[in-house]
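We count ligands from 1, going down the list as the structure has it; atoms in each ligand are counted the same way.
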Amino acid sequence: MNHPAMDDDAAMMLDTVREFARDRVLPGVIERDREEHFDRQLVRELGELDLLGGINPSEYGGIGLSHVTYSALLQEMSRVDHLMGLVMSFPSGLGGSGLLQFGTEEQKQQYLTPLCRGEILISAGVTEPASGTAVADMQTVCRRDGDEYVIDGAKTWISLINVCDYLLTFATLEKGAGRNSICAFLIPRDAPGLTLKPFKNKLGFRAVATGEVFLDGVRVPAENRIGEEGQGYGVAMSAVETGRLGVASRALGLAQDCLDRSVSYARERIVQGQEIGRFQLVQSMITDMVVGIDGARAATYDYARQRDLGERARQEASLAKMHASDVAMMASTHAVQIHGAYGTHEEYHVARHFRDAKVFQIVEGQNQLHRAMVAEYALGYRG
Ligand SMILES: Cc1cc2nc3c(=O)[nH]c(=O)nc-3n(C[C@H](O)[C@H](O)[C@H](O)COP(=O)(O)OP(=O)(O)OC[C@H]3O[C@@H](n4cnc5c(N)ncnc54)[C@H](O)[C@@H]3O)c2cc1C
């Protein structure tokens, strides 16, 4: 896999990720997918290796990586298991980005530092039953009551809910009042009135439980609010924008594994007396993968570089997320085809990639949304 030139520290970290992925993550990846099992021990080990801190600064348990190096580490892990890539991305993305940007000093010490060390897990609950894409239309409400807030509503399709210690979630002070009335809260999983109900048997991302969250008069101290009243939408967007670099990088790792496995298989499998790699129509699928991955990687690193320059780069974020997840879908479809019947069996890994790739096109903003945003920027409808 081609990454940009890196300094010695980053190159060493990349080697550590490769070794950990090969020795600790790969052996159980099929079973975790089949059993829908999340291995918390792997998270602790990633924490001990200092691989969770990502782009967060060292005073909060981070390793202060550049976005480019962060993306490279996620790609390498995701060649083996993009859900461990998700875990590595959480402290810098969905779980930690809002805390870093909007949290108080005390909140960062209390939550971000242990998150970066693998000591706690935080779920991020944005999506609601009636509003996935349209985040500002949320129906979950909060009201201030003395030193507390009372929260009522529901979230759905929330990841990690079987293992999280806290839920970062969002509620509006007034239904229909739009983004400026949204607040963000960090709620302990054992808070009275909070019910977490994982789904079973979803298409992909099976080793990470995803499910429903019910908030029934949940009381949280005001000090658990992240940011000011009305800044909750900003907290959510900060999480998803860095999250999009995570998704693009993970999708790329998955696509790369599809290519690598397809190349090996095409050179081994003999049909009608020749390696199937000699058939031009198989070569055409390999070409699609090489070209797609190359372009998506360029778009992803372009976005990462913009972030390293301190730019918000929303157009680049959409382009990278959409392109990398579309390429992952294409590459995994071709990979299953090249493997023939074997491609449909879990032992060959590409069937899992095929199921997971579809989910990548939906999470962190479904791809129609990103497609529209890319066009709107190009047309000058968005500034
Ligand atoms: C495995 C998994 C894990 C997830 N984890 C989390 C999580 O941890 N936290 C969280 O908050 N959410 C999570 N989600 C939810 C995910 O972010 C939402 O599913 C996503 O934002 C899309 O929302 P929706 O499903 O409500 O789709 P909808 O908004 O109902 O859209 C449905 C479809 O309509 C079309 N569409 C919608 N709007 C437009 C538009 N403007 N232009 C063109 N077409 C459009 C698209 O094709 C879209 O796919 C997860 C989802 C899955 C599947």
Side-chain angles (χ1 to χ4, degrees), residues 32-33 36 38 81-83 85-87 89-98 115 121-140 153-171 182 184-187 189 196-215 232-233 235-244 246-248 250-251 254 317-318 321-322 325-326 328-329 352-377 381-382:
R32 289 194 299 278
D33 177 70
E36 300 185 46
F38 183 83
D81 182 357
H82 76 85
L83 291 173
L86 169 73
V87 169
S89 75
F90 238 73
S92 305
L94 283 182
S97 175
L115 182 66
L121 286 168
I122 297 178
S123 278
V126 182
T127 305
E128 296 197 351
S131 65
T133 305
V135 173
D137 294 345
M138 69 177 57
Q139 299 294 301
T140 299
K155 304 282 168 180
T156 193
W157 290 104
I158 309 308
S159 296
L160 291 167
I161 58 169
N162 57 338
V163 286
C164 70
D165 302 287
Y166 295 91
L167 172 73
L168 171 66
T169 200
F170 304 86
I182 294 174
F185 299 98
L186 208 50
I187 308 177
R189 74 169 294 133
L196 307 171
K197 254 180 103 174
F199 298 134
K200 292 297 268 183
N201 286 323
K202 61 187 190 297
L203 174 73
F205 288 34
R206 288 169 60 90
V208 162
T210 305
E212 292 169 295
V213 172
F214 299 99
L215 300 121
Y233 189 81
V235 176
M237 287 306 111
S238 133
V240 296
E241 278 173 31
T242 313
R244 281 169 191 161
V247 169
R250 288 161 53 211
L254 181 153
S318 284
K321 188 274 167 178
M322 179 193 78
S325 54
D326 283 350
M329 191 71 251
R352 169 171 50 88
H353 292 337
F354 177 73
R355 290 186 282 103
D356 285 356
K358 187 67 233 171
V359 180
F360 275 131
Q361 293 181 308
I362 296 168
V363 294
E364 306 275 341
Q366 32 76 11
N367 280 4
Q368 281 73 35
L369 176 80
H370 292 298
R371 194 163 287 276
M373 279 172 70
V374 169
E376 284 166 14
Y377 279 112
Y381 299 156
R382 271 177 195 263

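Ser159 pairs in a side-chain contact (heavy atoms from CB on, under 4.5 Å) with only one of the listed residues (Val363, Leu94, Leu83, Thr210), which is Thr210. For the side-chain contact (heavy atoms from CB on, under 4.5 Å) criterion with Val213, the lone passing option out of Thr156, Ile158, Thr140, Thr127 is Ile158.
Contact annotation: for Thr210 versus ligand 1, heavy atoms closer than 4.0 Å belong to the side chain alone. The backbone and the side chain of Ile362 each have at least one atom closer than 4.0 Å to an atom of ligand 1 (non-hydrogen atoms only). For Lys202, every heavy-atom contact with ligand 1 shorter than 4.0 Å involves the side chain, none the backbone. The backbone of Ala124, and not its side chain, has at least one atom closer than 4.0 Å to an atom of ligand 1 (non-hydrogen atoms only; backbone = N, CA, C, O).
The two residues Leu160 and Val208 make their nearest non-hydrogen contact at N-CG1, 3.6 Å. Nearest heavy atom pair, residue Ala184 against residue Phe170, reads CB-CE2, 3.6 Å. Shortest non-hydrogen contact noted between Ser318 and His370 is OG-ND1, 2.9 Å. Listed here is the closest heavy atom pair of Lys321 and Phe360: NZ-O, 2.8 Å. The two atoms that bring Ser325 and Gln361 nearest to each other are O-CG, 3.9 Å, heavy atoms only.
Within a 4.0 Å radius of atom 33 (C) of ligand 1, the protein has no heavy atom. Atom 19 (O) of ligand 1 is flagged as protein-proximal [any protein heavy atom, distance under 4.0 Å]. At a distance under 4.0 Å, no protein heavy atom can be found next to atom 25 (O) of ligand 1. Less than 4.0 angstrom separates atom 47 (O) of ligand 1 from at least one non-hydrogen atom of the protein.
Taking a 6.0 Å sphere around CZ of Phe354, one finds it holds 12 or fewer heavy atoms contributed by other residues, nucleotides or ligands.
Shortest contact from atom 23 (O) of ligand 1 to any protein heavy atom: Gly132 CA, 3.3 Å. Protein heavy atom nearest atom 12 (N) of ligand 1, with residue, atom name and distance: Thr127 OG1, 2.7 Å. Scanning the protein heavy atoms around atom 42 (N) of ligand 1, the nearest turns out to be Gln368 CB, 4.4 Å. Shortest contact from atom 3 (C) of ligand 1 to any protein heavy atom: Ser159 OG, 3.3 Å. When hydrogens are left out, the protein atom nearest atom 28 (P) of ligand 1 is Thr133 OG1, 3.6 Å; that is the closest non-hydrogen contact. In this structure, the protein non-hydrogen atom closest to atom 41 (N) of ligand 1 is Leu369 CD1, 4.5 Å.
Considering backbone and side-chain N/O atoms, Ser131 never comes within less than 3.5 Å of an N/O atom of ligand 1. The shortest N or O to N or O distance between Gln366 and ligand 1 is below 3.5 Å.
Residue Ile158 approaches ligand 1 through these ligand atoms, each under 4.0 Å from one of its heavy atoms: 7 (C), 8 (O), 9 (N), 10 (C), 11 (O). Counting the atoms of ligand 1 from 1 in the order shown, those under 4.0 Å from a heavy atom of Trp157 are 4 (C), 5 (N), 6 (C), 7 (C), 9 (N), 10 (C), 12 (N), 13 (C), 14 (N), 15 (C), 50 (C), 51 (C), 52 (C), 53 (C). Annotation for ligand 1: atoms under 4.0 Å from non-hydrogen atoms of Val359 are 1 (C), 53 (C). The Val126 neighbourhood of ligand 1 comprises atoms 10 (C), 11 (O), with distances under 4.0 Å to a heavy atom of that residue. Heavy-atom contacts of Val363 reach the following atoms of ligand 1: 2 (C), 3 (C), 4 (C), 50 (C), 51 (C), 52 (C) (cutoff under 4.0 Å).
For residues 354-372, the pairs satisfying salt bridge (Lys or Arg N to Asp or Glu O under 4.0 Å) are Asp33-Arg355, Asp326-Arg371, with sequence neighbours left out.
There is no side-chain donor-acceptor pair under 3.5 Å between Ser92 and Thr242. Ser131 and Gln139 form no side-chain donor-acceptor contact under 3.5 Å, judged by distance and modelled atom types alone.
Between His82 and Phe205 the shortest side-chain heavy-atom distance falls below 4.5 Å.
In this structure, the side chain to side chain contact (heavy atoms under 4.5 Å, CB included) partners of Glu36, at least two apart in sequence or on a different chain, are Lys200, Asn201, Arg206.
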